[in-house]
Amino acid sequence: MRWSKYYLPTYKEVPKDAEIPSHQLMLRAGMIRMLTSGVYSFLPMGYRVLRRVETIVREEMDRTGAQEVQMPVLHPAELYEETGRLKNFGEILFQLKDRRARLFALGPTHEEVVTDIARAEIKSYRQLPQTLYQIQTKFRDEFRPRFGVMRAREFMMKDAYSFHASDESLHDTYAAMAGAYRRILERLGLEGVQVQAESGAIGGDINEEFIVLADAGESVMFRCASCGYAANDERAVSLGPAMLEKELSAKMENVATPGQHTVDEVSAFFKVSKQRLVKTLLYKSKWRDIAVLVPGDRELNEVKLAKALDDPDVRPMTPEEVEALTGAPVGFAGPVGLKAIIIADELMNAYDGMIVGANAADAHLRGVKMGRDFKPERTAPLSTVVAGDRCASCGKGELQLQRGVEIGHIFKLDVKYSKAMRATFLDQEGQEQPFIMGCYGFGVSRAVAAAIEQHYDERGIRWPKALTPFHAVVTPLNLNDESTVGAMERVYAELKAAGFDVLLDDRDLRPGPKFKDAELIGVPMRVTLGERNLKDGNCEIFYRLDDRTDVVPLADAVASVRRYYEA
RNA sequence: CGGGGCGUAGCGCAGUCCGGUUAGCGCGCCUGCUUCGGGAGCAGGAGGUCGGAGGUUCGAAUCCUCUCGCCCCGACCA
């Protein structure tokens, strides 16, 4: 490819609407351009990288025996009514109507479509298991698209779906997919972690995420250094803080606390740590009033609450509802004497002598004991884990917080979709059974951004070998010099003949801009042709990742490139 | 959806508070000459519905109203 003819518009300056490194660099390196919020074109160089990811994902899927298909993007809404997800997905689902006013959706994922395919043809356990996958554009009307292709409304995803007659068979495929994902990450040159997760709108109980470590990532996970436990923030549980204060006096008394609403204010007022306080958070769940208790030094995790109550629609009370229930303004709610179902974070079992709101304006209760002064209906893991907590899995290690990008998510769906959609087969006994299913997503376009988050420096992108759009860029320094032009054509032709993807920087620019651009777009090797070395029959090989330069005979340029990529 | 910020040339910005010739700067782009190992110099040049609509005014990028778009924080989410 000749750079002078290649559509590769680079920016010297940082676009003002891009916040994180991958977004800035994808724009600056001419990989993507925005059409509208959360919707991007991939320009030639970006598309090359995207295809590299696709190829690796495809190869690893095929290796597991999964079969590639291409399903529609346009889905009739009735399909989602069968599974209840028309409502469940809510506003995430892009919806549109055809000319006869029939409702359609742009596919956010394909469980319904693939289940519809399977139920039409798979009738016997003898036809199982089967795994189908596709690499395709997905549409989700995100609440807040951001960070370029990292969280886009239109994005490229690989999604696979498996159908089984038994749990064992599902387990095998699930494990095979997990293995495939680990290989994909390795081949892409990405450092990732497999973590326990929550399933969200997809459903199913057992599921794991693959998180690529990155400071700019939106996912938060906790890992135990001593036992290997790893879970995302929605799922992670702990034994609480390593050190827990014990209060000796445990006599309940009412204390006037004028104007002290927040945890910070109240803990300052009593001159105690936040561990001594209890947050009483009031929720409405299926028309019931719920009081949720969590330690003052941590946050309630609403995902955990929804799971504990088995109510995805649980919501915080409005200030008016809070006042109606407690008889006090927001900030003074407490469990003692409250007419609500009390559900306490399980860490509360270890806490003692707590400070709670008194359900009266400007008053708190001190020395409150759970079980004596109030009785929770039950306890459950509700609060968020805090870095430094003791690991619940081994009881010894400390949980460490790490950020990353969710790149893959695999689920055991069980019969959630097959049952709802009456997708059944006959088992060995002639009994009709719903398919046991799994589904396995991988964010292809997101992987490109994640790779950049892990591989960049102040000068630009530093592509891993497997992802680079070009193996080498050939950079002649003076196009007015005949020997330079001759050498450039020769090296370019030789590299192409050897099967490498080469970018020839034949633009009539001075060396500076050429070097800067080459480093910005992140090609790992640069073959520099300048008169200084050429007069001795030499060229320079610059290695972007090592920031190292070798001078080698011109005739060895191809061998150098080959050596680099074969290493 | 709540809070905040920003829309002026391809990119980055000034000008807006306090209205006043032909709306500026840097980079990029075009032409010519010189230059050619880390974003060159000189000379000349092109490029703008000042996001849009309406209003106030003798006069609007600037003031008022409405509206659209983009970004950030939050809620929420694969």
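Numbers restart at 1 for each chain; the letters A, B, ... are given by sequence-line order, proteins then strands.
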Classify the side chain of [X] versus the base of [N] as yes if they form a donor-acceptor pair under 3.5 Å and no if they do not.
{"X": "A:Glu531", "N": "B:rG37", "answer": "no"}
{"X": "A:Glu13", "N": "B:rG10", "answer": "no"}
{"X": "A:Arg146", "N": "B:rC71", "answer": "no"}

When you check the phosphate oxygens OP1 and OP2 of B:rG69, does a side-chain N or O of A:Ser37 lie under 4.0 Å from one of them?
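So the side chain of A:Ser37 is outside the cut-off, no N or O lying under 4.0 Å from OP1 or OP2 of B:rG69.
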Less than 4.0 angstrom between a side-chain N/O of A:Arg510 and OP1 or OP2 of B:rA40, yes or no?
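Answer yes for this pair, as a side-chain N or O of A:Arg510 is under 4.0 Å from OP1 or OP2.
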Scan every strand shown for a Watson-Crick or G-U wobble partner of [N], both distances under 3.5 Å, and answer none if you come up empty.
{"N": "B:rC6", "answer": "B:rG69"}
{"N": "B:rG59", "answer": "none"}
{"N": "B:rU49", "answer": "none"}
{"N": "B:rU31", "answer": "B:rA43"}
{"N": "B:rG74", "answer": "B:rC1"}
{"N": "B:rG19", "answer": "none"}
{"N": "B:rG26", "answer": "B:rC11"}

Nearest to side-chain heavy atoms of [X], which nucleotide of [options]:
{"X": "A:Thr36", "options": "B:rA75, B:rG38, B:rG69", "result": "B:rG69"}
{"X": "A:Arg532", "options": "B:rG37, B:rG38, B:rA78", "result": "B:rG37"}
{"X": "A:Val303", "options": "B:rA78, B:rG38, B:rC77", "result": "B:rC77"}
{"X": "A:Asn533", "options": "B:rC70, B:rG39, B:rG37", "result": "B:rG37"}
{"X": "A:Asp17", "options": "B:rA40, B:rG74, B:rC71", "result": "B:rC71"}

Both A:Glu19 and A:Leu477 contact RNA chain B. Taking the nearest nucleotide for each, which residue is further toward the 5' end?
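Closest to the 5' end, via its nearest nucleotide, is A:Leu477.
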Closest-nucleotide ordering on RNA chain B, the 5'-leading residue of A:Arg151 and A:Leu35:
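Final value for this comparison: A:Leu35.
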Would you say [Y] and [X] are linked by a side-chain donor-acceptor pair, where the criterion is simply a distance under 3.5 Å?
{"X": "A:Tyr440", "Y": "A:Ser162", "answer": "yes"}
{"X": "A:Ser4", "Y": "A:Arg2", "answer": "no"}
{"X": "A:His110", "Y": "A:His75", "answer": "yes"}

Report which part of the nucleic acid [X] touches: base, sugar-phosphate, or nothing (heavy-atom distance under 4.0 Å, all strands).
{"X": "A:Glu142", "result": "base"}
{"X": "A:Asp517", "result": "base"}
{"X": "A:Met157", "result": "nothing"}
{"X": "A:Ala152", "result": "base"}
{"X": "A:Pro15", "result": "sugar-phosphate"}
{"X": "A:Tyr11", "result": "sugar-phosphate"}
{"X": "A:Arg526", "result": "base"}
{"X": "A:Phe147", "result": "sugar-phosphate"}
{"X": "A:Gly530", "result": "base"}
{"X": "A:Lys12", "result": "base"}
{"X": "A:Glu302", "result": "sugar-phosphate"}

Could you tell me the separation between the CD atom of A:Glu531 and the OG1 atom of A:Thr484, rounded to the nearest 0.5 Å?
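Reported value, rounded in 0.5 Å steps: 4.5 Å.
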Supply the atom-to-atom distance A:Asp505 CG to A:Phe515 CZ, rounded to the nearest 0.5 angstrom.
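Going from CG on A:Asp505 over to CZ on A:Phe515, the span is 9.5 Å.
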Distance in angstrom units between [X] [atom1] and [N] [atom2], rounded:
{"X": "A:Ile92", "N": "B:rC1", "atom1": "CD1", "atom2": "P", "result": "14 Å"}
{"X": "A:Phe143", "N": "B:rG3", "atom1": "CZ", "atom2": "P", "result": "18 Å"}
{"X": "A:Phe155", "N": "B:rA78", "atom1": "CZ", "atom2": "P", "result": "11 Å"}
{"X": "A:Glu540", "N": "B:rG38", "atom1": "CD", "atom2": "C1'", "result": "12 Å"}
{"X": "A:His23", "N": "B:rC70", "atom1": "NE2", "atom2": "C1'", "result": "11 Å"}

Name the residue from A:Tyr6, A:Trp3, A:Tyr492 that meets the ring pair (Phe, Tyr, Trp, His ring centres under 6.0 Å) definition with A:Phe470.
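Of all the options given, the one that passes is A:Tyr6.
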Looking at A:Asp345 and A:Arg298, does any basic side-chain N land under 4.0 Å from a carboxylate oxygen?
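Salt bridge between A:Asp345 and A:Arg298, a charged N being under 4.0 Å from a carboxylate O: no.
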